[in-house]
Amino acid sequence: AGFATTVAVEAGAVHELARSGEAATVTAQVRAYDNVDGRIVVTLWDVEWAVVQTEAGWRLGSAAAGQLDQWELPYYP
């Protein structure tokens, strides 16, 4: 659906897999909630981030994601 339709994002089950110096690998499950033609569609992603520590804090170096599931939320006006 893309970021233009995203209304919320939740990250859970976040774990550091490895760390070496100023670099780390982190894994998480991310739920994205998108408004698609007035319907809320939830997509569950398995993500892995390679992050690098800088003077300004941790920054994303690269990311990989695989879709685990997708469903429509019931909506009751």
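Only this structure's heavy atoms are used, side chains among them; waters, hydrogens and symmetry mates stay out.
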Any side-chain heavy atom of T27 sitting closer than 4.5 Å to one from V14?
no
Result block: side-chain N/O donor-acceptor pairs under 3.5 angstrom for residues 44-57, not counting sequence neighbours:
unit_1 : atom_1 : unit_2 : atom_2 : d
T54    : OG1    : A56    : N      : 3.2
T54    : OG1    : G57    : N      : 3.4
T54    : OG1    : G57    : O      : 2.8

Report whether V30 and L60 are members of the same hydrophobic cluster (ILVMFWY, side-chain heavy atoms less than 4.5 Å apart, transitive linking).
yes
So if you build clusters from Ile, Leu, Val, Met, Phe, Trp, Tyr with side-chain heavy-atom gaps below 4.5 Å, do V7 and V36 land together?
no
Non-hydrogen side-chain atoms of Q29 and L68 separated by less than 4.5 Å:
yes
T5 side, atom OG1; D34 side, atom CG - distance, nearest 0.5 Å:
3.5 Å
For E10 and Y33, the nearest pair of non-hydrogen atoms, with its separation, is OE1-OH, 3.2 Å
Got V41 and Q70 here, is their nearest side-chain heavy-atom distance under 4.5 Å?
yes
Find out if a path of hydrophobic residues (ILVMFWY) with successive side-chain heavy-atom gaps under 4.5 Å connects F3 to V9.
no
I'd like to check R31 versus T43 (side-chain heavy atoms, cut-off strictly below 4.5 Å). Are they in contact?
no
Please report the shortest heavy-atom distance between G38 and N35, naming the atom on each side.
N-OD1, 2.9 Å
Going by the salt bridge (Lys or Arg N to Asp or Glu O under 4.0 Å) test, which pairs reach into residues 58-72, not counting sequence neighbours?
R39-E72
Taking only residues two or more places apart in sequence, or in another chain, which ones meet S20 in a side-chain contact (heavy atoms from CB on, under 4.5 Å)?
none
All heavy atoms of W58 vs all of E22, minimum pair found to be CZ3-O, 3.7 Å
